[in-house]
Amino acid sequence: VRLAIALGNAVRADDGVGFVIARALAAHDPAVEIVESMEALPEHAEVVARAERVVFLDASVEGAPGEVRAVPVAPRVPHAAILHALTPEEVLGIARASHGRAPPAVLVTVAGGDFSFAERLSPEVEAAIPEALRLAFEFLSGR
Amino acid sequence: MTAPRRIVIDPVTRIEGHAKITIHLDEAGEVRSARFHVTEFRGFERFCEGRSFREMPGLTARICGICPVSHLLASAKAGDAILAVEIPHAARKLRAFLNLAQLVQSHALSFFHLSAPDLALGFASEPSARNLLGLAAARPELARDGVRLRAFGQRIVETVAGRRIHPSWAVPGGVASPLSPEGRDRIRAELPEALAIARRALAWWKGELGRHEEEARTFGDFPTLFLGMVAPDGTLDHTDGKLRFVDERGAVVADQVDPADYRAYVGEAVEPWSYLKSPYFRPLGHPEGAYRVGPLARLNVATRLGTPGADAELAEFRALGGGGPVRSSFHYHLARLVEILHALERIDWMLEDPDLLSHDLRAEATRNRSRGVGACEAPRGTLFHEYEVSPDGLLTRVNLLIATGQNNLAMNRTVAQIASRFVSGGTVSEGALNRVEAGIRAFDPCLSCSTHPAGRMPMHVELVGPDGKVLGAVGRGGS
């Protein structure tokens, strides 16, 4: 299984960019399994552990709006959290510890500029989707 | 006069919706007060204005990734009130069934994933091992039980309402689809394991309580009022109950209050340092009317839970209060486990009810009232949705009163109490830092109704001197 986990909030403008990329990815290659979630959660470790490759898709607060980054994700032990969300690294850490396996993974982010309540992306983020899609697709294809 | 010193704990930074803890010290380095800040942006209510109230269940379910079911149900109930209909019995039962399943999965996350590492390994244990993986190594059965129980609750939610909480499952006037016979049989087959896990966790945690007497004394042990929803006979009712407030001695001070009248009983103070509202029991004023909601409050408020195993546990739980309400916020943990058992027992009973398979699920109507309030017990406490609509059903005003906000005053006092005990002389040890966090974690606050893009910051504590200079810091590595 090649897996894309899209994180974000669809009613918070650019925070929903991960979902848009994930849907484009699924349209491009129906074999890619998509998980859409507002937050990375412990149960995602199970599906991550049985995936060949995983791409996490998210918005970022770092960088100029529309800036696309792809960084490898290494498993890491979760910190005790007050709140509920994990990081992609922590999901991989749980996958390795609980299910014996953490597949190669990458985090593809698009820097957002607008995180207000809205159901649309800002133009810079919209324009960055093809590049983010290309990076995600190349990684999942093993290229 | 010199300015008081402050200690700032900045645990999780998300662009908005991040929480920060500030501990104010006096000139002698002793704790004067503390605050749990939330800088969450509250624009959601404005964002909803102008939309149809019929859209709201699906829209508000997208506020929160942890308790979408609660928003879905409170919103659908507010819609029922605007339609002025009585929904079919089967729809009412299916909503209650879904609410109980969500309670199980959410409480499992809180107890097993977030809190158990502290509870099982110790608050002052090595930080690098005090996490879910450390728990899996030290107490593998506990870690495994947590994963299984949460997955069970999640599967029921998916079976009833669709994989991603189908936006149109709960609607004003009812629900869209029944439980299928296959779904019912699958839940029935998995239920014994879930019940066994709940009983095992309760037995384990009750056996551990003796080792945590100091935490029970210092983690938010103070008098407040409590709010929860109960049936007319006082039995806990998470979905269709009316409001009951009890005071710090356990006396009922308001009972069978229709949620539609909540504003007569609940005032909302707004503090400049937090976007969270600080609700209080209006007859007593602010801040004397501070009350708590959630599992601890529900067990303090209810006359009974209404299922046999859980009622036996309730009797034991009450002993901790010595005849009155259980005051320590540390016992949110035990209350959560008792509620999990209760929810599973009730799910077990409800599975025998043929109404869950009924297709008579919707009451049809147009807008008949200009205002509607929907309330239900979310995992973290009583949730209110209040809508006002124009004659064509478009929202003109939205007010959401969430559980975490209602615990705001109590969370502040909890932080102050823990800090007073464990912070002195202007220094914070790792163990003290962790206890302050754990005190907040006992309430299981949820700030998911915010953005969470990548770029979280590490936690740090700063000690700030009278001149604003940072005297020292305690931090944790980030990603």
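So you know, we letter chains A, B, ... as the sequences are listed, proteins then strands, and number each from 1. Only a predicted model underlies this, so the values are computations on that prediction, with no experimental measurement involved. Values below: all heavy atoms of this structure, side chains included; hydrogens, waters and symmetry mates excluded.
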Looking at A:E46 and B:R150, does any basic side-chain N land under 4.0 Å from a carboxylate oxygen? no
Hey, is NE2 on A:H28 packed in by over 12 heavy atoms from elsewhere, all under 6.0 Å? no
Using a cut-off of 6.0 Å, state whether more than 12 heavy atoms not belonging to B:R148 lie near its atom CZ. no
To the closest 0.5 Å, what do you measure between CG (A:L41) and CD (B:Q154)? 7.5 Å
Interatomic distance, CD1@A:I94 vs NE2@B:H113, rounded to 0.5 Å, equals 6.5 Å
Are side-chain heavy atoms of A:P42 and B:L109 found at a separation under 4.5 Å? yes
Does the side chain of A:E119 reach to within under 4.5 Å of the side chain of B:F47, using non-hydrogen atoms? yes
